[in-house]
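These values consider heavy atoms only, across backbone and side chains, with no hydrogens, waters or symmetry-generated copies. Model, not experiment: these values are computed from the prediction. Below, chain A is the first sequence line, B the second, and so on; all start at residue 1.
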Number of protein chains: 2
Amino acid sequence: MARIGERATVTSAAVLDSALTLFAERGYHGTALSQIAEALEVRTPSLYNHMRAKHDLLLTIIDRTVTGVLDDFTTATAGRTDPLDRLRNATRIYALRHATHRREAIVVNRDTSSLDEPHRAAMQALRRRHDHALRGIIEDGVAAGRFTIESPALGSFAIREMCVSVARWFRDDGPITPEQVADEYTEFAVRIVSAE
Amino acid sequence: MARIGERATVTSAAVLDSALTLFAERGYHGTALSQIAEALEVRTPSLYNHMRAKHDLLLTIIDRTVTGVLDDFTTATAGRTDPLDRLRNATRIYALRHATHRREAIVVNRDTSSLDEPHRAAMQALRRRHDHALRGIIEDGVAAGRFTIESPALGSFAIREMCVSVARWFRDDGPITPEQVADEYTEFAVRIVSAE
DNA sequence: CCTACCGATCGGTAGG
DNA sequence: CCTACCGATCGGTAGG
């Protein structure tokens with residue numbers, strides 16, 4: 001960053017990135033704008049050249065992330081009709097994202113409830129679209145006699161949440177790569193639905 | 001609670017319960033003592049007759065919960081040596097707790113990081129004991145040739161976190177009982193480790 | 001980018 | 001249990 005004696009120069013991308021790091025570490029309500037400013041080596045009022053309000057930082061982070069999740073899903077399942085193939089690809093991309101975008105996932109899961117209305121409801125609706133899409137794959141697989149699972153709803157909860165939780169324990173400096181996690185979790189998903 | 005015109009009478013158990021509800025809903029930093037007082041129909045300073053500080057409410061909630069998790073595990077696995085039997089019982093009690101003690105689980109998972117040192121480290125250490133115990137069961141099962149799983153560590157993360165997440169989606173007024181969730185999740189755990 | 005400053009609210013205390 | 005009040009800090013604004 002800026003050297004001693006120089007004025008720091010900041011961008012809105014840098015503000016968002018610092019907010020992302022601190023929100024993930026301490027939560028939205030646990031982070032003061034003064035801490036974001038300190039990380040960027042500026043005074044708090046300077047942040048307002050790059051954002052409208054603290055709340056907007058949270059909204060931008062969450063909106064981009066949930067939109068990214070839905071885009072991932074669409075890309076990963078496009079043109080595929082086999083339920084097992086769809087499940088594998090949807091799980092792999094979802095787990096992979098949670099290993100590679102840990103901060104985003106932690107903030108979405110912890111702080112979406114801190115959004116003001118109507119934004120909170122809008123973001124929850126987007127998240128639910130992904131939930132339903134994943135559950136739909138499992139229901140299709142059961143209907144086609146390809147999966148054996150008593151409750152597709154519980155199965156989709158289990159698969160979804162085990163992927164989400166990767167963000168909480170994965171370490172960038174650990175011995176295992178995001179791709180390895182994604183592959184292993186894909187196998188877990190297949191086992192949970194007892195694919196043929 | 002107290003009727004109009006009467007003075008409210010509060011206990012420390014009631015303060016903890018209101019704190020639990022509000023911390024689970026809005027997070028520790030998102031909850032003001034004035035909101036806890038309002039829920040109990042008293043003024044904020046009156047809370048100090050039943051607690052020492054806001055921080056102590058959080059510590060008490062987390063300490064009781066993680067201690068309860070460890071006690072559950074000990075009880076559920078006591079006297080059992082078969083890895084599959086141990087895995088089933090440990091998973092069932094853990095999933096069951098997360099359906100029946102949702103608020104506690106949400107607070108522990110979201111706000112343990114808000115604890116002051118050395119309490120934060122102490123609580124994390126207790127949580128880790130449970131993690132290691134669960135992982136140990138899976139490693140034992142693999143060593144005995146009873147389970148087939150590439151990474152016991154990833155398997156134990158997946159099983160643990162799918163159970164924890166029950167607290168986030170389970171509804172008391174839903175169609176499914178905590179026992180049904182626990183049984184189904186136990187089956188998922190067995191599938192994840194591919195028990196013989 | 002900064003200094004100076006705003007009202008609101010925070011956790012907590014004094015004293016009864 | 002309450003009223004009255006404390007210093008600290010919050011997000012945000014004025015003005016340059």
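Of the candidates C:dG11, C:dC2, D:dG12, the closest approach to any side-chain atom of A:K54 belongs to D:dG12. The listed nucleotides are D:dT3, C:dC1, D:dT13; the one nearest the side chain of B:P45 is D:dT3. When each of C:dC1, C:dG12, D:dG11 is scored by its nearest atom to the side-chain atoms of A:Y48, the top-ranked nucleotide is D:dG11. Listed nucleotides: C:dT3, C:dT13, D:dC1. Nearest to the side chain of B:N49: D:dC1.
Atom CD of A:E41 is separated from atom C1' of C:dC2 by 15 Å (rounded to the nearest Å). The interatomic distance linking B:L58 (CG) with C:dG11 (C1') rounds to 14 Å, in whole Å. Counting to the nearest Å, the P atom of C:dC10 and the NE2 atom of A:H29 are 11 Å from each other. A:M51 places its CE atom 8 Å from the C1' atom of D:dG11, with the value rounded to the nearest Å. Atom CG in B:L47 sits roughly 13 Å away from atom P in D:dT3 (whole-Å rounding).
In a base pair of the Watson-Crick type (N1 to N3 plus N6-O4 or O6-N4) or a G-U wobble (N1-O2 and O6-N3), with each distance short of 3.5 Å, C:dC10 is matched with D:dG7. Across every strand in view, C:dG16 sits in a pair with D:dC1 that passes the Watson-Crick or G-U test at under 3.5 angstrom.
In this model, the phosphate group of D:dC1 is not approached by any side-chain N or O of B:R43 to a distance below 4.0 Å at OP1 or OP2.
Counting any heavy atom pair closer than 4.0 Å across all strands shown, A:S34 reaches sugar-phosphate atoms only and no base atom.
A distance-only check finds a donor-acceptor pair linking the side chain of A:T21 to the backbone of A:D17 [under 3.5 Å]. At distances below 3.5 Å, at least one donor-acceptor pair connects side-chain atoms of B:Q180 with backbone N or O atoms of B:T177.
The aromatic ring centroids of B:H29 and A:Y28 lie 6.0 Å or more from each other.
Just one of A:T186, A:L96, A:I137 meets the side chain to side chain contact (heavy atoms under 4.5 Å, CB included) condition when paired with A:T91; it is A:T186.
Across the interface with DNA chain D, nearest-nucleotide mapping of A:A53 and B:H50 shows B:H50 to be the residue nearer the 5′ end. When each of A:R52 and A:A32 is assigned the nucleotide of DNA chain D with its nearest heavy atom, A:A32 is the one assigned upstream, toward the 5' end.
At a threshold of 4.0 Å, the pair A:R86-A:D140 does not count as salt-bridged, since none of the basic side-chain nitrogens sits closer than that to a carboxylate oxygen.
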